[in-house]
Q: 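Before anything else, here's the structure in question.
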Amino acid sequence: MFSVYGRVAATTLVSGLLTAAAFVAAGPAAADDAAAQTRGGASAVIGGLKTYGAAVIHEPGGGGDQQVSAGLFEMSVDGGGTLRTYCIDLHTATQRDARYHETPWSGTSLAANKDAGKIRWILQHSYPQVNDLAALAERAGISGGLTEQDAAAGTQVAIWRYSDHADVDALDPQAEQLADYLHKSARSVPEPEASLTLDPPAVSGRPGKPLGPVTVHTDAGSVTVTPPADAVANGVRIVGADGKPVTTAKDGSRLFFDVPEDATPGSAALTVQASTTVPVGRAFTAEGRSQTQILAGSSESTVSATATASWAAQGAIPALSAARNCVQGGLDITAGNTGDQPFVFTLMGKEYSIPAGASRTVTLPLLEDQAYDFTITGPAGLQQRFTGVLDCKTQSGTPEVTTQTVSEPSPATIGGVSTPPDTNLAATGGSTATPLIAGAAIGFVVIGGAVLVLLRRKEQPAQD
């Protein structure tokens, strides 16, 4: 029997904030977990607030006012490029040098936010997408003009009113007037498409015939296709629909793993990479506990995505992937089986069986801010580890918010202790209440067969 080996979830509190292990692969047949859980796109490291002003949060119930910095962050993209983002998670602190990944809205607090589309409208109609500040001021009815700092602060405040439904005002009158204009004018627009994804992110089948297809979705003109060196040495090729090897592809291209008929059971991964501007409105989530961000502007940046294939001549042949599901409040584990026998595994003490030729999605329920860390094992040395933190909600209530200055971000107070200036990233509204969420975020202990509630099951034909 194949099983999921649970670990005690990594819920260590560091300076009062929940952190978790970075996405890593485990075992010779493991996929790139970051790619599996984010479905590709841009990955970046956050720097700090670059253009900002001040805002005042009015606490409900007469709890007093708190002043915070409000404006644009800057991120450095892996492989080259720069992103500019606003915060959509007011009461969570931002960790300097935190690693972020492009993420669908379904994996963030925007999933259950009926005003998510209005946030994208604000991004499209304000700074920095609109960099003619005189024209922006005129549209907002501002007679005194706008500075970049006012424009950034006003835009952030308007976003917070929809992302966190916060009672917040910009400190500067011009910035506040812009925030009011954007807030009142916003209309709902659809979520933007990802910069680059591969669908599905995992396939399986018997050697001797192409495994796939894996379809490229991108706004880039073309992408480079890179098969793993060890797979190439064993005769595995990445081919197009015509069966010919490919090194480049474009939006809509269908890629296949061409596995020799005499190949021993195993797996391989392909990576596609491109240079493009990431669409405005794409969400970015951190590997640990750090403010969720939303894209306001992008330079030409490197984006990538990974898909895996597994094969065997007989028996169960599983394909595994995962994605955060903030509507259901958990992690979707999708398991397909193109073999001739059921793929049986135990998940949190409960046994599941994926029939031959079927695919099923199981939603693993998690507490908000809960770290998860588990590995699914299977035939041919399959080991796929999934780790991360579920961050689907913005903190509500009456959090104690760190006061920031207008002239320069001060060290963020996290859990009652000021972090040293050389490690601080002044958060747009970081809260000291974060560590108290969900009773210090109790982790799953998967020992002795704890029962998991199955929230959702879907059966559908597996990929050919």
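We number each residue from 1, following the sequence as shown. In this text the structure is predicted, and so the values were computed from the model without any measurement.
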Q: Could you check whether any side-chain N or O of Arg187 sits under 3.5 Å from a backbone N or O of Lys118, counting only pairs where one atom can act as donor and the other as acceptor?
A: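 Not confirmed, Arg187 side chain does not pair with Lys118 backbone.
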
Q: Could you verify whether a donor N or O on one side chain and an acceptor N or O on the other, from Ser290 and Gln95, lie under 3.5 Å apart?
A: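 Note: Ser290 and Gln95 side chains miss the donor-acceptor criterion.
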
Q: How about His217 and Thr197: does a side-chain donor come under 3.5 Å of a side-chain acceptor?
A: no

Q: Verify whether one side chain among Thr103 and Thr285 offers a donor that lies under 3.5 Å from an acceptor in the other.
A: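 The criterion, which ignores hydrogens and geometry beyond distance, is satisfied for Thr285 and Thr103.
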
Q: Determine whether the aromatic ring centres of Phe386 and Phe374 lie less than 6.0 Å apart.
A: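 Yes.
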
Q: Would Thr277 and Ser298 count as having a side-chain donor-acceptor pair, cut-off 3.5 Å?
A: no

Q: Just jot down the side chain to side chain contact (heavy atoms under 4.5 Å, CB included) partners of Ser109, sequence neighbours excluded, or say none.
A: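 For Ser109, the residues satisfying side chain to side chain contact (heavy atoms under 4.5 Å, CB included) (neighbours in sequence not counted) are Thr394.
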
Q: Any side-chain donor paired with an acceptor under 3.5 Å for Thr51 and Tyr127?
A: no

Q: Under the salt bridge (Lys or Arg N to Asp or Glu O under 4.0 Å) criterion, do Arg282 and Glu102 qualify, and how do the steps go?
A: CA-CA 7 Å; Arg282 291 296 291 172; Glu102 186 178 338; 2.8 Å; yes

Q: Counting only heavy atoms not in Glu300 (residues, nucleotides, ligands), do more than 12 fall under 6.0 Å from its CD?
A: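 Enclosed.
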
Q: I'd like to check the salt bridge (Lys or Arg N to Asp or Glu O under 4.0 Å) partners of Arg161; sequence neighbours left out, ordered by chain and number.
A: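 Arg161 satisfies salt bridge (Lys or Arg N to Asp or Glu O under 4.0 Å) with Asp169, Glu176, Asp180 only.
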
Q: Are side-chain N/O atoms of Thr218 and Asp251 paired as donor and acceptor at under 3.5 Å?
A: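 No donor-acceptor contact under 3.5 Å links the two side chains.
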
Q: Counting neighbours of CD on Glu193 that are heavy atoms of other residues, nucleotides or ligands and sit closer than 6.0 Å, is the number greater than 12?
A: no

Q: Would you please name every residue forming a side chain to side chain contact (heavy atoms under 4.5 Å, CB included) with Ala112, sequence neighbours left out?
A: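 Per chain and number, Ala112 pairs via side chain to side chain contact (heavy atoms under 4.5 Å, CB included) with no residue.
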
